[in-house]
Peer 1: 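The following block contains the structure, expressed as structure tokens.
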Number of protein chains: 2
Amino acid sequence: MEQELTIQQVAEATSLSVHTLRYYERCNLIAPIGRSPSGHRRYSSNDIRWIEFLTKLRLTGMPIRQMQQYALLVRQAPDTSFHERRQMLEAHRESVAQQIQQLQDNLAVIDWKIQHYAELEAKSHELFQSAAGQSAASESAVNQSAAS
Amino acid sequence: MEQELTIQQVAEATSLSVHTLRYYERCNLIAPIGRSPSGHRRYSSNDIRWIEFLTKLRLTGMPIRQMQQYALLVRQAPDTSFHERRQMLEAHRESVAQQIQQLQDNLAVIDWKIQHYAELEAKSHELFQSAAGQSAASESAVNQSAAS
DNA sequence: TTAAAAGTTAGAGCGCACTCTAAGTCAAGC
DNA sequence: GCTTGACTTAGAGTGCGCTCTAACTTTTAA
């Protein structure tokens with residue numbers, strides 16, 4: 001069960017760099033990793049699962065600071081901090097949900113703009129077809145309007 | 001129609017700081033803004049619409065570099081770069097869609113964990129009720145498992 | 001008229017999350 | 001044994017997107 005992976009192997013498995021793995025350990029996101037007799041890191045499967053969960057938090061934008069706080073709870077009160085940890089995760093979930101909502105809202109405006117460009121593009125083809133060289137009127141202001 | 005707002009008013013209207021507004025102009029995201037006789041910036045409603053669109057791009061994570069490229073197209077070829085601009089926005093839309101998907105996937109794992117904690121929390125209450133002081137077995141490894 | 005508030009610029013500084021370097025030790029294959 | 005590559009550390013450097021400072025001018029309200 002204990003496969004005792006090297007840092008390089010873990011880097012490949014988690015898509016983090018060896019630098020980042022050491023960095024995470026240095027700033028206490030990861031508890032001190034076991035060592036071989038010569039002092040090289042040897043990661044257990046538990047370590048890897050923890051790192052994988054950390055990356056879920058990171059990829060949803062949780063700041064290192066908060067992850068440190070969470071990691072501290074896990075390490076210092078593994079069996080008595082479920083409530084606090086859950087609260088942290090719930091707060092984070094809420095902020096991610098908002099983040100997704102905002103992305104979707106802003107994406108809608110961009111979609112609208114794409115549609116608008118498609119129309120202008122079609123129109124400019126028409127103009128080209130009818131060989132009329134008059135310069136287009138829209139979007140010619142220096143800072144063009146998003147509404148144009 | 002031309003309300004000619006001051007930088008402060010635009011900052012309030014767009015939720016950007018005056019510093020950021022000058023910064024955006026400095027790095028050519030915004031074309032040089034008109035000035036009052038004394039040299040103070042005076043923003044037109046067109047400027048504001050452009051800034052609002054810029055912030056949509058920013059809030060969906062478009063890097064400044066790309067926004068600069070986009071702004072350049074708008075300024076240097078307002079009537080002939082629809083296709084290029086559309087392509088940029090479509091590529092961006094795709095990357096935002098992926099970003100949202102990734103957020104949702106990772107959020108699912110976090111949700112799962114929240115659920116798990118809720119159960120552990122309930123269980124620890126039970127234990128407390130039955131006055132049994134045996135220390136819990138799960139999550140007691142130094143780097144606890146995400147699967148626990 | 002004068003004090004405070006708001007504007008200007010060039011350029012320095014900051015916080016975040018890495019990312020890399022230097023100088024050295026350790027491990028595996030020839 | 002020796003080379004090559006992977007490992008170690010402390011600490012410096014990087015890129016991004018702001019954010020602030022200093023020194024100065026202009027506007028505004030009392």
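Letters go in sequence order (proteins before strands), and every chain restarts at 1.
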Peer 1: Consider side chain to side chain donor-acceptor pair (under 3.5 Å). Of Arg85(A), His83(A), Arg86(A), which one does Tyr117(B) pass it with?
Peer 2: Arg85(A)
Peer 1: For the side chain of Gln68(B) and the backbone of Cys27(B), is there at least one donor-acceptor N/O pair under 3.5 Å apart?
Peer 2: yes
Peer 1: Could you check whether the rings of Trp50(A) and Phe53(A) sit parallel, tilted or perpendicular, using 30° and 60° as the cut-offs?
Peer 2: tilted
Peer 1: Quick check against the 3.5 Å criterion: does Arg58(A) have a side-chain atom that pairs as donor or acceptor with the backbone of Met62(A)?
Peer 2: yes
Peer 1: Quick one: do Val96(A) and Leu103(A) end up in the same hydrophobic cluster if we chain Ile, Leu, Val, Met, Phe, Trp and Tyr together by side-chain heavy atoms under 4.5 Å apart?
Peer 2: yes
Peer 1: Between Asp111(B) and Ala108(B) (side chain of the first, backbone of the second, donor and acceptor by atom type, cut-off under 3.5 Å), is there such a pair?
Peer 2: no
Peer 1: Bend across the helix from dT1(C)-dA30(D) to dC30(C)-dG1(D), to 10°, with axes taken over 5 pairs at each end?
Peer 2: 10°
Peer 1: Does any part of the side chain of Tyr70(B), heavy atoms only, come nearer than 4.5 Å to the side chain of Leu54(B), both counted from C-beta?
Peer 2: no
Peer 1: Strictly distance-based, threshold 3.5 Å: is any side-chain N or O of Arg75(B) a donor or acceptor partner for the main-chain N or O of Asn28(B)?
Peer 2: yes
Peer 1: Heavy atom of residues 61-68 of chain A under 4.0 Å from DNA chain C: which residues?
Peer 2: Pro63(A), Ile64(A), Arg65(A)
Peer 1: Check DNA chain C against residues 19-28 of chain A and give the residues with a non-hydrogen atom under 4.0 Å, in numerical order.
Peer 2: His19(A), Thr20(A), Tyr23(A), Tyr24(A), Arg26(A)
Peer 1: Identify each atom pair where a protein N or O and an N or O of nucleotides 25-28 of chain D are less than 3.5 Å apart, giving names and distance.
Peer 2:
unit_1	atom_1	unit_2	atom_2	d
dT26(D)	O3'	Ser38(B)	OG	3.1
dT27(D)	OP1	Ser38(B)	OG	2.6

Peer 1: Under 4.0 Å from any heavy atom of chain B: name the first and the last nucleotide of DNA chain C that qualifies, 5' to 3'.
Peer 2: dG7(C) to dG11(C)
Peer 1: Under the 3.5 angstrom rule, does the side chain of Glu90(B) hit a backbone N or O of Ile114(A) as a donor-acceptor pair?
Peer 2: no
Peer 1: Between CD1 of Ile100(B) and CD of Gln104(B), what distance do you get to the nearest 0.5 Å?
Peer 2: 7.0 Å
Peer 1: Would you confirm whether Thr20(B), through its side chain, and Leu16(B), through its main-chain N or O, come within 3.5 Å as a donor-acceptor pair?
Peer 2: no
Peer 1: Considering residues at least two apart in sequence or located in another chain, which fulfil the side chain to side chain donor-acceptor pair (under 3.5 Å) criterion with Thr6(B)?
Peer 2: Gln9(B)
Peer 1: If you count every heavy atom of other residues, nucleotides or ligands that lies below 6.0 Å from Arg65(A) atom CZ, does the total exceed 12?
Peer 2: no
Peer 1: Answer with yes or no whether the hydrophobic clustering places Leu57(A) together with Leu73(A); edges join I, L, V, M, F, W, Y residues whose side-chain heavy atoms lie under 4.5 Å apart.
Peer 2: yes
Peer 1: Start with the C-alpha distance between Gln98(A) and Gln102(A), add both sets of side-chain angles, then the distance that settles side-chain contact (heavy atoms from CB on, under 4.5 Å), and finish with yes or no.
Peer 2: CA-CA 6 Å; Gln98(A) 278 176 22; Gln102(A) 197 195 38; over 6 Å; no
Peer 1: Under 4.0 Å: is that the gap between some side-chain N or O of Arg41(A) and OP1 or OP2 of dA6(D)?
Peer 2: no
